[in-house]
Amino acid sequence: MPRRTDIARLRKRRDFLAAAGGRKWAANGLVLQALDRADEAEPRVGFTVTRKVGGAVIRNRARRRLKAAASEILPVIAKQGYDYVLVGRASTLTRAWPDLLDDLRAAMTKVHGAKLHGSQRAARGPSSQRGSGNQAGSESKEDTSHG
RNA sequence: UCAGAUGGCCGGAUGGCCGCUGUCCUUCGGGGCAGAGGAAAGUCCGGGCUCCACGGAAAUACGGUGCCGGUUAACGGCCGGCGGGGGCGACCCCAGGGAAAGUGCCACAGAGAACAGACCGCCCGGCCAAGGCUUCGGCCUCCCGGGUAAGGGUGAAACGGUGCGGUAAGAGCGCACCGCGCGACCGGUAACGGAAGCGGCACGGCAAACCCCACCGGGAGCAAGACCAAAUAGGGGCGGCAUUGUCGGUUCGCCGGCAAGACCCGUUUCCGGGUUGCCGCCCGGGUUGGUUGCACGAGGCGUCCGGUAACGGGCGUCCCAGAUGAAUGGCCAUCGCCCGCAAGGGUACAGAACCCGGCUUACAGGCCAUCUGACAUU
């Protein structure tokens, strides 16, 4: 099966900030942020490991594991028009490799599942973007009350 | 063998699958080669390079350095020596210039602490008011006046220490030795070392207190700086058109010259301030993206020569990361090492960001060389 590994990288600070305003899912070994750009362009991906996790060596190792996981999984299930940001945490290094891959797959489906409502509202245009940002808090509150 | 001192080095290995950055080749399928550190770290010093400022030099202020000599592009680094301190020793540590230029500080305790000082004590003299003793002559205590730095006590430190002489008791008052100060002269490039002789002996400590002296330092940094290309709003300049008045020409369509208009505000005039159309070209600045700076260098390795050494020179040889939300890796297996009876777990500190020379700090485990002290053996 031909694997596409050359997914475009996010390189600008404003892209990362925009993705941080999108859907977010925290798995055991990583945190995934996704933003639906509402166009049909190629998907893009970026990586972030904050100083909270550790020094430069630890952060580099975490980012490389995330890159390796992304190059294995994203070409299969990434969707057009999406920006993804993988955020490393302390457990990114200690998590077993198959578990880390499962974490990423699960996070991708979670983030895409939320998109299903969004695609219906996409006909109404920019209101969907405003909803993902401002009303995210109230939505999550409803979720917890249901569960 | 044990304990220790100094200097230096390594700091995982091999294989498989899949990737990343650079570069070269390509039959465009792909393939070859290279790819983190000793500290890449802290950003504490010193340079190269770049821009800015500046006529040269010096001075003031501020900051830094501070025994002497050498080394270097330079240094607060390094090497060699000197002085002081520590260790049986190998060796280690030290901001280590100036206190008769000046100012300041030296707490507490203590009688007295910087041209010091009699609390107790010791000694001499006086006195009989008081007390005691008396052989009735006086004597002692108290008191008064003085001498004394030997003893006690205080302190971090008390006009140097020990001994003998000396004295009323004492005192460098005298003497010997030690210490201290000055020191002709000798050795050394120098720091400094030695030292005849002289001086009875004080001229205290702190300059990581101010200060003085000598030397060094313009500022900012590769997000420096240079170049290219886009799109957007606004600025400046030039030209043309449009608008108004007037003069001249006219084929009555217009053309040319000159001048400025219109609106708003300060109550009006004068005067002052502000705003204002369209198009093209040029200039300069900001933003974004790209290229460059950017990796051949105070370069690595080997060898020879000079030098105790730091280091310098000659010759040969090699090309050895170049990213920019930032490559140099992810996963798996086997082995090594450490912990554990085993299952199993762990495998240091840490990631280039313009480049060099240092310093400092972090570091599992291990190796090598030289030297020192014990013990044992021959």
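Every chain is numbered from 1 and lettered A, B, ... according to where its sequence line falls, protein lines coming before strand lines.
For C278(B), the glycosidic angle deviates from 0 by more than 90°, giving an anti base. Under the 90° criterion around 0 for the glycosidic angle, A41(B) counts as anti. A glycosidic torsion no more than 90° from 0 defines the syn conformation, and G29(B) adopts it. G273(B) has its base anti relative to the sugar, with a glycosidic angle deviating from 0 by more than 90°. With its glycosidic angle within 90° of 0, G253(B) is assigned syn.
In this model, the phosphate group of G289(B) is approached by a side-chain N or O of Lys12(A) to a distance below 4.0 Å at OP1 or OP2.
One atom, CZ of Arg11(A), and another, P of A323(B), lie 12 Å apart when rounded to the nearest Å. We find that CD of Glu72(A) is positioned 11 Å from C1' of C17(B), with the value rounded to whole Å. Atom-to-atom, CZ of Arg63(A) to C1' of A323(B) comes out at 11 Å; the value is rounded to the nearest Å. Separating the NZ atom of Lys67(A) from the P atom of G325(B) is a distance of 12 Å, rounded to the nearest angstrom. Rounding to whole angstrom units, CG of residue Leu86(A) and P of G325(B) are separated by 18 Å.
Nucleotides A224(B) and G290(B) are separated by 16 Å at their P atoms, to the nearest Å. Across the P atoms, A184(B) and C91(B) are found 37 Å apart, a figure rounded to whole Å. Between G7(B) and C93(B), the two P atoms lie 8 Å apart (nearest whole Å). Remark: the separation of the C1' atoms in G299(B) and C68(B) is 35 Å, to the nearest Å. For G340(B) and U324(B), the C1' atoms lie 48 Å apart once the distance is rounded to whole Å. Annotation: G152(B) and C185(B) have their P atoms spaced 48 Å apart (nearest Å). Here, G170(B) and C144(B) have their C1' atoms 23 Å apart, quoted to the whole Å. With both ends at atom P, the span from A107(B) to A158(B) equals 15 Å, rounded to whole Å.
Residue-environment remark: CH2 (Trp97(A)) exceeds the threshold of 12 foreign heavy atoms within 6.0 Å.
C359(B) is paired with G42(B) under the Watson-Crick or G-U wobble criterion, all donor-acceptor distances under 3.5 Å. Using N1 to N3 plus N6-O4 or O6-N4 for Watson-Crick, or N1-O2 and O6-N3 for G-U wobble, each under 3.5 Å, C341(B) pairs with nothing. Here C367(B) sits opposite G8(B) as a Watson-Crick or G-U wobble pair (both hydrogen-bonding atom distances under 3.5 Å). Pairing for C51(B) goes to G219(B), judged as Watson-Crick or G-U wobble with the two contacts each under 3.5 Å. Pair assignment for A310(B): none, as no Watson-Crick or G-U wobble contacts are both less than 3.5 Å. In this structure, A374(B) and U1(B) make a Watson-Crick or G-U wobble pair, each of the two defining distances being under 3.5 angstrom. G145(B) is paired with C124(B) under the criterion used here, namely a Watson-Crick or G-U wobble arrangement in which both key atom distances are under 3.5 Å. Under the Watson-Crick or G-U wobble criterion, with both distances below 3.5 Å, G37(B) is paired with C349(B).
The CG atom of Leu104(A) lies 12.0 Å from the CZ atom of Arg95(A); values are rounded to the nearest 0.5 Å. Between His112(A) atom NE2 and Arg23(A) atom CZ the span is 11.5 Å, to the nearest 0.5 Å. Between Arg64(A) atom CZ and Phe47(A) atom CZ the span is 12.5 Å, to the nearest 0.5 Å. Taking OH of Tyr82(A) as the start and CD of Glu42(A) as the end, the distance is 15.5 Å to the nearest 0.5 Å. Rounding to the nearest 0.5 Å gives a distance of 9.0 Å between CG of Asp15(A) and CG of Leu35(A). To the nearest 0.5 Å, the span separating OG1 on Thr92(A) from CD1 on Ile58(A) amounts to 11.5 Å.
Judged by distance alone, with hydrogens and angles left aside, the side-chain atoms of Arg51(A) form no donor-acceptor pair with the main-chain N or O of Arg59(A) at under 3.5 Å. Although no hydrogens or angles enter the test, the distance criterion places a donor-acceptor pair under 3.5 Å between the side chain of Asp103(A) and the main chain of Gly29(A). A donor-acceptor pair is defined here as one N or O able to donate and one able to accept, closer than 3.5 Å; such a pair exists between the side chain of Ser91(A) and the backbone of Asn28(A).
When side chains are defined from C-beta on, Leu32(A) counts as touching Leu86(A), because their heavy atoms get closer than 4.5 Å.
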| query | For nucleotides 329-335 of chain B, read 5' to 3', which letter fits each nucleotide if B means a protein heavy atom sits under 4.0 Å from the base, S means only the sugar-phosphate is that close, and - means neither? | reply | SSS----

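Of the residues in residues 46-60 of chain A, those with a non-hydrogen atom less than 4.0 angstrom from any atom of RNA chain B are Phe47(A), Thr48(A), Ala56(A), Val57(A), Asn60(A).
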